[in-house]
Every structure is written in structure tokens, then in C-alpha cells.
Peer 1: 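To start, I am sharing the structure in question, which I have written as C-alpha cells.
Lettering of chains follows the sequences in order, A, B, ..., and the numbering in each one begins at 1.
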Protein chains: 2
Amino acid sequence: MEETPSCRVETALEILTGKWKPSILLELITHDTLRFSELKRNLPNITQKMLTAQLRELELNDIVHREIYQVVPPRVEYSLTDYGKTLIPVLNAINAWGEKHVEHLAQKDMLQDTTPTLASSTSDSF
Amino acid sequence: MEETPSCRVETALEILTGKWKPSILLELITHDTLRFSELKRNLPNITQKMLTAQLRELELNDIVHREIYQVVPPRVEYSLTDYGKTLIPVLNAINAWGEKHVEHLAQKDMLQDTTPTLASSTSDSF
DNA sequence: CTTCATGGTATCGTTTAGGATACTATACCA
DNA sequence: TGGTATAGTATCCTAAACGATACCATGAAG
């Protein structure tokens with residue numbers, strides 16, 4: 001087991017990467033607690049398999065908590081763990097940079113084609 | 001083109017993901033300017049193909065600059081662009097969280113097996 | 001005339017991530 | 001008796017990422 005910055009960055013990025021994990025995390029940040037079916041509804045293009053898989057990985061990494069109610073039909077609620085909440089500043093930093101980057105890309109493209117520009121909403125946090 | 005936090009986070013993560021991009025960026029952060037062969041030497045397991053590919057993507061995204069000297073044998077130097085340097089705080093945030101996460105994983109594992117622990121170096125930046 | 005170093009490409013194969021679709025258990029409700 | 005809702009699994013397939021290996025151009029040094 002190595003202990004380099006690169007190792008740490010990769011370890012952290014493993015948690016965030018996965019086609020749906022950022023969306024799932026942002027959902028749980030803004031909604032606090034969501035049932036499986038609510039998450040699925042809010043993420044229109046995800047398949048059930050992927051949603052389950054990504055939630056399981058996040059659960060394994062102690063980022064999300066899975067609460068099962070023994071009722072029929074089943075009720076399962078997902079939420080961030082306290083530890084998962086420590087990711088919020090990281091996501092905020094990424095989000096802020098991402099916003100700048102979208103602008104940056106737009107400027108680069110404007111030098112070539114004529115894609116219309118969007119007025120920036122300048123929202124640095126969720 | 002959407003304009004949601006999730007979109008921005010994903011756009012930003014696209015730049016950081018790729019098996020070798022974090023390592024490459026950290027190399028360029030700590031060494032300022034590196035030749036192709038130096039990068040390859042410092043990243044022992046990368047193949048030439050992957051190194052070229054990832055550098056090209058970073059170049060396309062205006063994160064790294066590629067300076068070609070017309071000499072033989074060829075000399076090509078890579079460095080961060082000014083824009084690329086704006087990624088440094090983001091990588092620092094990810095690195096800091098990653099360090100906590102490595103500790104967190106170690107604590108979880110200690111409850112099960114007997115893997116020896118490393119004294120933390122508590123280095124929050126590069 | 002050959003060898004060497006550098007910074008690449010090209011081609012092919014494997015591995016992994018992700019997607020489509022079908023199936024399941026359970027209790028309630030009509 | 002049959003349909004419904006929820007939260008999943010199981011199976012199969014495709015596409016993309018990644019890796020191994022071989023090849024190439026150039027000019028200087030020997």
C-alpha cells in the first residue's frame with residue numbers, strides 16, 4: 001500500500017467516478033433522504049442495475065447509509081453518512097471549477113463556431 | 001447543453017479521470033516542466049501509448065502545454081498552462097480528502113483483520 | 001554503415017464499465 | 001384469483017478503456 005499524493009487522489013477519485021455517482025451524491029446532498037424509487041425517478045436515464053450497483057459501492061465506502069424498513073412493498077431509504085458529508089466541500093470545489101471550465105470551453109469554441117452563449121448563473125455552491 | 005451542478009461536476013471530473021491523469025498532473029505540478037521521457041520514467045507502469053493519449057487529452061482541454069523543439073533526437077516538454085494551474089486547489093482538496101479516506105479505510109479494516117497501520121504524514125498539500 | 005536516443009503511431013487483444021431486458025418475493029387490495 | 005407496487009437479481013451484450021507489442025523518422029556519434 002503506497003502513500004503518495006497520487007495514490008490519495010486516486011483513492012478519492014475512485015469514490016467520485018462512476019457514471020452516476022456524482023448525480024447520486026448531489027441528489028442526496030440536496031434531498032437528505034431518498035427512497036430507491038425516488039432516486040430512480042430523479043435520475044431519468046439510470047437503469048435499476050446501475051443504481052443498485054453504484055449505491056452498493058457508496059455504501060461499502062461508508063459514504064451512504066441504507067435503511068431498510070421491513071414492510072411490503074419494500075421501503076429502502078438512502079442518505080449520506082456523516083462521513084459521506086465530508087465530501088461536500090470537495091464536491092463544491094469540483095463544482096466551482098467545473099463552472100469555470102464550462103465558460104472556458106465556451107470561450108474557446110467561440111473562436112471557431114457560432115454556438116450561442118449562456119449567461120452565467122455564477123452559483124458556486126448547491 | 002445542460003447547466004446543472006451534476007453536469008458541472010461531471011465536466012470537471014472528465015478532466016481528472018483517466019487512469020493516469022492524476023499522476024501526470026501531480027508530476028507537472030511538482031516538477032513544473034518535464035520531457036516526455038522524464039514523465040515516462042517517473043510513471044513506471046504507464047505505456048507510451050497511454051502517456052501520449054492522456055497528454056493529448058489534457059492538451060486539448062488546455063490543461064497542459066506541449067512545447068516542441070525542432071532538434072534530433074526530438075525534445076518535447078510538457079508543462080501546466082496557466083489555466084491548468086487553476087486545477088491545483090481542486091487537486092489539493094481531493095488530496096486532503098483522500099488522505100482522510102485512507103485513514104478511514106484503515107480504521108474500518110482494523111475492526112476486521114490485522115493489517116499493520118502506517119503513521120500518518122499529515123501532508124495536506126504537495 | 002551502423003547504432004542510438006527520442007517521441008511518437010499502428011495494430012491487436014483483453015478487461016472493465018455500462019446498458020437492455022427479463023425475472024423474483026411479498027403482502028395488500030379488489 | 002389476479003393485479004399492483006417496491007426493491008431488487010440474473011443474464012447477456014456492446015462499447016470504451018486500457019495494455020502489449022511492433023514499427024517509424026531523424027541526425028549525430030562511432
Side-chain angles (χ1 to χ4, degrees), chain A residues 6-7 9-28 31 33-61 63-80, chain B residues 6-7 9-25 27-28 31-61 63-80:
Chain A
S6 163
C7 147
V9 170
E10 279 156 25
T11 302
L13 284 178
E14 265 171 40
I15 306 246
L16 278 334
T17 59
K19 188 162 172 195
W20 299 100
K21 285 194 198 153
S23 321
I24 292 173
L25 291 173
L26 292 172
E27 281 298 315
L28 292 178
H31 295 89
T33 293
L34 287 171
R35 299 183 59 167
F36 185 85
S37 53
E38 294 173 314
L39 276 168
K40 205 173 59 166
R41 221 186 335 272
N42 297 356
L43 274 31
N45 295 317
I46 198 171
T47 63
Q48 209 150 345
K49 174 192 159 186
M50 283 311 295
L51 182 52
T52 307
Q54 309 263 296
L55 284 169
R56 287 293 183 285
E57 283 180 40
L58 291 169
E59 195 191 351
L60 253 173
N61 281 296
I63 306 294
V64 313
H65 171 70
R66 179 165 173 253
E67 182 78 35
I68 305 161
Y69 298 87
Q70 286 296 357
V71 295
V72 166
R75 174 183 194 91
V76 179
E77 288 186 347
Y78 292 91
S79 55
L80 289 182
Chain B
S6 162
C7 147
V9 171
E10 279 156 25
T11 303
L13 284 178
E14 265 171 41
I15 307 248
L16 279 333
T17 59
K19 188 164 172 193
W20 299 100
K21 285 193 198 154
S23 322
I24 292 173
L25 291 173
E27 281 298 315
L28 292 177
H31 295 89
D32 230 67
T33 293
L34 286 172
R35 300 182 60 167
F36 185 84
S37 53
E38 293 173 315
L39 276 167
K40 206 173 59 163
R41 220 186 334 274
N42 297 357
L43 273 32
N45 295 317
I46 198 171
T47 63
Q48 208 151 342
K49 175 191 159 187
M50 283 312 294
L51 181 52
T52 307
Q54 309 262 296
L55 284 169
R56 288 292 183 286
E57 282 180 41
L58 290 169
E59 196 191 350
L60 253 173
N61 282 295
I63 307 295
V64 313
H65 172 68
R66 178 164 174 253
E67 183 77 36
I68 305 162
Y69 298 88
Q70 287 296 358
V71 295
V72 164
R75 173 183 194 89
V76 179
E77 288 185 348
Y78 292 90
S79 55
L80 289 182

Peer 1: With a 4.0 Å cutoff (strictly under), does any side-chain N or O of A:Arg66 reach OP1 or OP2 of D:dG8?
Peer 2: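 Yes, such a contact exists.
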
Peer 1: Going by the rule side chain to side chain contact (heavy atoms under 4.5 Å, CB included), which residues pair with B:Glu10 if we only count those two or more places apart in sequence or in a different chain?
Peer 2: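 For B:Glu10 the side chain to side chain contact (heavy atoms under 4.5 Å, CB included) partners, ignoring immediate neighbours, are A:Pro22, A:Ser23, B:Ser6.
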
Peer 1: Kindly state each residue pair satisfying side chain to side chain donor-acceptor pair (under 3.5 Å) with at least one member in residues 11-22 of chain B, sequence neighbours excluded.
Peer 2: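 Non-adjacent pairs meeting side chain to side chain donor-acceptor pair (under 3.5 Å): B:Lys21-B:Glu57.
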
Peer 1: Kindly write out the residues that satisfy side chain to side chain contact (heavy atoms under 4.5 Å, CB included) with A:Ser37, not counting sequence neighbours, or none if the list is empty.
Peer 2: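 Once residues adjacent in sequence are excluded, the partners of A:Ser37 under the side chain to side chain contact (heavy atoms under 4.5 Å, CB included) criterion are A:Arg35, A:Arg41.
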
Peer 1: To the nearest Å, how far apart are A:Gln70 CD and C:dA27 C1'?
Peer 2: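 Rounded to the whole Å, the gap is 13 Å.
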
Peer 1: Looking only at side-chain N and O atoms, does A:Thr52 come under 4.0 Å of OP1 or OP2 in D:dG8?
Peer 2: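 Result: no.
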
Peer 1: Which residues pass the side chain to side chain donor-acceptor pair (under 3.5 Å) test with A:Gln54, sequence neighbours left out?
Peer 2: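 A:Gln54 satisfies side chain to side chain donor-acceptor pair (under 3.5 Å) with no residue once adjacent residues are dropped.
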
Peer 1: What's the CD1-P distance between B:Ile68 and C:dG8, to the nearest Å?
Peer 2: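 Rounding to the nearest Å, CD1 of B:Ile68 and P of C:dG8 are 7 Å apart.
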
Peer 1: Within this structure, what is the CG-CE distance for the pair A:Asn45 and A:Met50, rounded to the nearest 0.5 Å?
Peer 2: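 Spacing of CG (A:Asn45) from CE (A:Met50) equals 12.5 Å.
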
Peer 1: I'd like to check the side chain to side chain contact (heavy atoms under 4.5 Å, CB included) partners of B:Ile68; sequence neighbours left out, ordered by chain and number.
Peer 2: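 Testing B:Ile68 for side chain to side chain contact (heavy atoms under 4.5 Å, CB included), a comparison that skips the adjacent residues, returns B:Arg66, B:Val76.
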
Peer 1: To the nearest angstrom, how far is B:Arg75 atom CZ from C:dG7 atom C1'?
Peer 2: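 From B:Arg75 CZ to C:dG7 C1': 12 Å.
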
Peer 1: What's B:Tyr69 touching, base or sugar-phosphate or nothing? Going by heavy atoms closer than 4.0 Å.
Peer 2: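 Touches nothing.
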
Peer 1: Rounded to the nearest 0.5 Å, what separates atom CG in B:Asn42 from atom CD1 in B:Ile24?
Peer 2: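 One gets 11.0 Å once the value is rounded to the nearest 0.5 Å.
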
Peer 1: Without decimals, in angstroms, what is the distance between B:Ile46 CD1 and D:dC18 P?
Peer 2: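 In whole Å, D:dC18 P and B:Ile46 CD1 are 10 Å from each other.
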
Peer 1: Pick out the pairs of N or O atoms, protein on one side and nucleotides 12-18 of chain C on the other, that lie under 3.5 Å.
Peer 2:
| residue | atom | partner | partner atom | Å |
| --- | --- | --- | --- | --- |
| C:dG18 | OP1 | A:Lys19 | N | 2.8 |

Peer 1: Can you measure from SG (B:Cys7) to CG (A:Leu26) and round to the nearest 0.5 angstrom?
Peer 2: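 Reported value, rounded in 0.5 Å steps: 11.0 Å.
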
Peer 1: Pick the nucleotide of DNA chain D nearest each of B:Asn45 and A:Ser37; which residue has the one closer to the 5' end?
Peer 2: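 Result of the comparison: A:Ser37.
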
Peer 1: In whole angstrom, what separates B:Glu67's CD from C:dG7's P?
Peer 2: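 From B:Glu67 CD to C:dG7 P: 13 Å.
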
Peer 1: Contact between A:Leu39 and A:Leu55 at the side-chain level, heavy atoms closer than 4.5 Å - yes or no?
Peer 2: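 Result yes, sub-4.5 Å side-chain heavy-atom pair found.
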
Peer 1: Show the nearest heavy-atom pair for residues B:Leu13 and A:Leu16, with the distance to one decimal.
Peer 2: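 Where B:Leu13 meets A:Leu16 most closely, the heavy atoms are CD1-O, 3.9 Å.
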
Peer 1: Apply side chain to side chain donor-acceptor pair (under 3.5 Å) to A:Glu59 and list each qualifying residue two or more places apart in sequence or on a separate chain.
Peer 2: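 Counting only residues at least two positions away or on another chain, A:Glu59 forms no side chain to side chain donor-acceptor pair (under 3.5 Å).
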
Peer 1: Quick one, give me the B/S/- string for nucleotides 22-30 of chain D, reading 5' to 3', where B means a protein heavy atom under 4.0 Å from the base and S means that only happens at the primed atoms, P, OP1 or OP2.
Peer 2: ----BB---

Peer 1: Between D:dA7, C:dA20, C:dG7, which one does the side chain of A:Phe36 approach most closely?
Peer 2: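 For A:Phe36, the side-chain atoms sit closest to D:dA7.
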
Peer 1: For C:dG7, does either OP1 or OP2 sit under 4.0 Å from a side-chain N or O belonging to B:Arg35?
Peer 2: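 Yes, within the criterion.
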
Peer 1: CD of B:Glu77 versus P of C:dG7: gap in Å, rounded?
Peer 2: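 Computing the B:Glu77:CD to C:dG7:P distance gives 9 Å.
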
Peer 1: From CD of A:Glu38 over to C1' of D:dA7, roughly how many Å is that when rounded to an integer?
Peer 2: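 Taking CD of A:Glu38 and C1' of D:dA7, I get 13 Å after rounding.
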
Peer 1: Taking salt bridge (charged side-chain N to carboxylate O under 4.0 Å, His left out) as the test, write out the residues that go with B:Glu77, two or more places apart.
Peer 2: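 By the salt bridge (charged side-chain N to carboxylate O under 4.0 Å, His left out) rule, B:Glu77 matches B:Arg75.
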
Peer 1: Does A:Arg56 place a side-chain N or O at less than 4.0 Å from the phosphate oxygens OP1/OP2 of D:dG8?
Peer 2: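 True: A:Arg56 side-chain N/O within range (under 4.0 Å) of D:dG8 OP1/OP2.
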
Peer 1: What is the separation between atom CG on A:Leu51 and atom C1' on C:dG19, rounded to the nearest whole Å?
Peer 2: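 Distance check: A:Leu51 CG to C:dG19 C1' gives 14 Å.
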
Peer 1: Starting from the first five and the last five pairs of the helix from C:dC1-D:dG30 to C:dA30-D:dT1, work out the angle between the resulting helix axes, to 10 degrees.
Peer 2: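 Inter-axis angle at the termini of the helix from C:dC1-D:dG30 to C:dA30-D:dT1: 30°.
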
